[in-house]
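Here's the structure, in structure tokens; my notes come after.
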Amino acid sequence: MRIIKRYANRKLYDTGAKRYVTLEEIGGIVRSGEDVQVFDNDSGEDVTSATLAQVLHESEKKSHTPGHTSFFTSPLRDGRTSKPPSWAA
């Protein structure tokens, strides 16, 4: 599992590779089958879900195709916002 530190300036640091990474690179890591865990450097809080949501958002913006809002709205409508999705477990 890759451990990523997120700094206050929103920079992301891969502690294993010992270098800064982009959201796009994190997406590539996950797509290659490797797990990541992202921690706020100051508080130690696990911000993996928020970071992966941001990866998805940025990916949608770059695709220049209409987004699949149901991917995001279905869990909200079903009241599943307090539990992680099955793919995040």
### Message
Test your reading of the model: is there a side-chain donor-acceptor pair from Ser59 to the backbone of Val55, 3.5 Å cut-off?
### Response
no
### Query
Which pairs with one or both residues in residues 35-55 pass ring pair (Phe, Tyr, Trp, His ring centres under 6.0 Å), sequence neighbours excluded?
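Sorted pair list comes back empty.
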Taking side chain to side chain donor-acceptor pair (under 3.5 Å) as the test, write out the residues that go with [X], two or more places apart.
X: Ser43; value: Asp40
X: Thr15; value: none
X: Arg19; value: Glu25

Calculate, to the nearest 0.5 Å, the distance between atoms [atom1] and [atom2] belonging to [X] and [Y] respectively.
X: Thr51; Y: Leu23; atom1: OG1; atom2: CG; answer: 7.5 Å
X: Ile4; Y: Asn41; atom1: CD1; atom2: CG; answer: 12.5 Å
X: Asp46; Y: Gln37; atom1: CG; atom2: CD; answer: 4.5 Å

### Task
State which residues pass side chain to side chain contact (heavy atoms under 4.5 Å, CB included) with Tyr20; sequence neighbours excluded, sorted by chain then number.
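Only Tyr7, Lys11, Tyr13 meet the side chain to side chain contact (heavy atoms under 4.5 Å, CB included) criterion with Tyr20.
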### Query
If you draw a 6.0 Å radius around CD in Glu34, do more than 12 non-hydrogen atoms from other residues or ligands fall strictly inside?
yes
### Query
Is Asp35 salt-bridged to Arg2, going by a charged N under 4.0 Å from an acidic O?
no
### Query
Which residues satisfy the salt bridge (Lys or Arg N to Asp or Glu O under 4.0 Å) test with Glu45, sequence neighbours excluded?
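None.
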### Option passing side chain to side chain contact (heavy atoms under 4.5 Å, CB included) with Val38 (candidates Gln54, Lys5, Arg6)
Arg6
### Task
Could you tell me whether the side chain of Leu12 reaches within less than 4.5 Å of the side chain of Ile26, counting heavy atoms only?
yes
